[in-house]
Amino acid sequence: MADKLSAVKGMNDIAPPVSAHWEWLEDTLRRLMQRYGYRNVRTPIVEHTALFVRGLGEVTDIVEKEMYSFEDRLNGEHLTLRPENTAGVVRAALEHNLLYDGGKRLYYMGPMFRHERPQRGRYRQFHQVGAEALGFVGPDVDAELVVLACDLWRELGLEGIELEINSLGQPAERQAHRQALITHLELHADVLDEDAKRRLHSNPLRILDTKNPAMQAVVNAAPHLMDFLGAESLAHFTRFRELLDAHGVAYRINPRLVRGMDYYNLSVFEFVTTQLGSQGTVCAGGRYDGLFEQVGGKPAPAVGWALGMERILELLKEQGKLPEQPAPDAYAVVPDAASVGQVMPVLRALRQQGIAVQMHAGNADGMGSMKSQFKKADASGARFALIFGSDELAQGRVAVKPLRGPRPEDGDAGAAAQTLQPLDDLAAWVEILRSR
Ligand code: ATP
Ligand code: MG
């Protein structure tokens, strides 16, 4: 036998019953996006490497060490499996002039790829949902996006997700802060780790993001970007906060919140939980007014967020909020293999009426005993069994037996009993199958 093949490390298969949780999450998201006026956008999984190098910035974790980049063997193009989708959406908006008649609210859902060390809540292929409001200066849409996420937690029944916000100001303000920051860090060069030393002059802001305990004191004492913001940036931030307050959305200002990507300015925010260990950020985003220009387009303001679907599902599990498995309305018990040709078209007609019905499938020995068929019917979670016995079929009838709730066998007077229904009058029993 040939060697068994397995999936690539850090890339997961999603099969039943877990796939039902994904579908439920996706459905919930789509409904919510629709209500807020965000429309679906789908971009390719592969982009030119230059898009991410230019879009995310050369000195970011993603571009430095996490991208799956390769050379197309046939034409030598430098390509990358998308590590995130904001750059792709902006490229698409520019390429198709999506902002020709004003701002656009867009959302996407799909797999992203980063070569990281796989662990709980961190995978190499993972899935993000993103919402992007393109062409709006804010801060109203900034607040709208935050509130949209809050409504998602509410819709999913999630609790204990906290919001942190900050303002990154504008490039000139960041430049002034950057000088002060470098000066401060240079004064404490002895405690900086290798990563920090390397970033001291290329991306010192990112040093504030460090998880190294030895550097916490120095980082805590570093000058705050907030103190370098001018009147306009401060006004944007204040209005953003007022709008969150108007919704009763609670938040904490975290002056060290800087985000991994270079393209952010003004509002930045993260939704975090303490229930997922060290991978506690479930949703993150902010304003990125500079990105359109950075990828070669006419400047346009924009703001958005991305959430990690695996982390949301993990949190749903943690909080016992995952939905029950979907079950069919009915399970068709077919005692005699010879009846299958008569039964299948009836089941098809039921499905065309919107009834979910699963047929007992035969094996080489026939259909199996009634007992084993009822066991399967029970396991399917169906609320009814449809019993297509040969005698009943000969009389043009089918037995409809409730499988859930109180049973007449147990002496419950309120229990629904098994009834015989006319095969050729679907409407009569579709009504029963639809009842809860
Ligand atoms: P982290 O600090 O956890 O690495 P990040 O800043 O790299 O996160 P973003 O690029 O902002 O993350 O992505 C948005 C969200 O996508 C994250 O908040 C997280 O929920 C999710 N995410 C990011 N990387 C991964 C991954 N490798 N596996 C699973 N989810 C991820
Ligand atoms: Mg990361």
Side-chain angles (χ1 to χ4, degrees), residues 7-12 14 18 22 25 29 51-52 55-57 59-68 80-90 107-132 145-146 148-149 152-153 156 158 161-166 168 195 199 203 205-212 254 256-265 267-288 291 302-318:
V8 175
K9 186 176 168 194
M11 306 203 180
N12 301 311
I14 302 164
V18 175
W22 283 79
L25 175 58
L29 274 155
L51 174 68
F52 302 114
L56 307 186
V59 199
T60 52
D61 280 348
I62 294 180
V63 173
E64 276 187 335
K65 51 193 182 202
E66 296 176 358
M67 294 210 299
Y68 283 93
T80 294
L81 298 184
R82 62 181 188 194
E84 58 92 59
N85 204 25
T86 298
V89 168
V90 165
Y107 82 91
Y108 59 80
M109 235 185 256
M112 307 295 155
F113 303 84
R114 297 183 193 177
H115 195 102
E116 305 196 70
R117 191 170 66 79
Q119 52 195 290
R120 183 188 187 196
R122 195 177 289 289
Y123 311 97
R124 291 180 176 174
Q125 176 176 319
F126 63 101
H127 298 76
Q128 281 184 341
V129 176
E132 317 280 3
L145 279 161
V146 169
L148 197 171
L152 179 63
W153 318 143
L156 296 172
L158 287 173
I161 298 180
E162 295 182 356
L163 172 63
E164 295 188 350
I165 65 171
N166 192 19
L168 297 186
D195 238 24
R199 287 183 163 159
N203 197 349
L205 206 55
R206 283 304 312 282
I207 299 176
L208 300 182
D209 218 6
T210 181
K211 288 172 180 120
N212 182 350
N254 176 358
R256 283 174 52 188
L257 183 63
V258 295
R259 307 288 308 121
M261 271 72 100
D262 272 0
Y263 54 56
Y264 287 103
N265 69 318
S267 322
V268 285
F269 50 86
E270 282 191 0
F271 287 93
V272 296
T273 167
T274 52
Q275 292 171 44
L276 293 177
S278 51
Q279 267 59 253
T281 306
V282 292
C283 177
R287 182 156 280 284
Y288 49 92
L291 186 57
V303 54
W305 54 243
L307 70 78
M309 296 180 79
E310 281 83 356
R311 292 187 194 177
I312 292 296
L313 286 163
E314 185 75 22
L315 192 59
L316 284 161
K317 188 169 155 196
E318 201 66 43

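Just so you know, these numbers come straight off a predicted model, no measurement behind them. Ligands are counted one by one from 1 in listed order, and the atoms in each one are counted from 1 as well.
- Checked for salt-bridge contact, Arg124 and Glu116 miss the test: no charged N lies under 4.0 Å from a carboxylate O.
- Between Phe271 and Trp153, the gap from one ring centroid to the other is short of 6.0 Å.
- Using the six-membered ring where Trp is involved, Trp22 and His127 have ring planes that are perpendicular, over 60° apart on the 30 and 60° scheme.
- Contact annotation for Arg124 and ligand 1: no heavy atom of the residue comes within less than 4.0 Å of the ligand.
- Note that CZ of Arg311 and CD of Glu318 are 14.0 Å apart. Values are rounded to the nearest 0.5 Å.
- Heavy-atom distances between Glu310 and ligand 1 stay at or above 4.0 Å for every pair.
- With Gln125, Arg311, Arg120, Arg114 as candidates, the residue nearest to atom 5 (P) of ligand 1 on a non-hydrogen basis is Arg114.
- The shortest heavy-atom distance from Glu84 to ligand 1 is not under 4.0 Å.
- Neither the backbone nor the side chain of Asp61 has a heavy atom within less than 4.0 Å of ligand 1.
- Evaluation of the salt bridge (charged side-chain N to carboxylate O under 4.0 Å, His left out) rule for Glu310 yields no partner, not counting sequence neighbours.
- A donor and an acceptor atom, one from each side chain of Thr273 and Glu162, are nowhere located under 3.5 Å apart.
- Between Val272 and the options Leu163, Asn254, Thr281, Ile161, a side chain to side chain contact (heavy atoms under 4.5 Å, CB included) holds for only Thr281.
- Close N/O approach between Lys211 and ligand 1 is not found [any backbone or side-chain N/O within under 3.5 Å].
- By heavy-atom distance, the residue among Ile312, Thr281, Thr60, Leu276 lying nearest atom 20 (O) of ligand 1 is Thr281.
- Of the polar atoms of Arg122, at least one N or O is found under 3.5 Å from an N or O of ligand 1, judged by distance alone.
- Every atom of ligand 1 is numbered from 1 in the order shown, and the set under 4.0 Å from a heavy atom of Gln128 is 13 (O), 14 (C), 15 (C), 16 (O).
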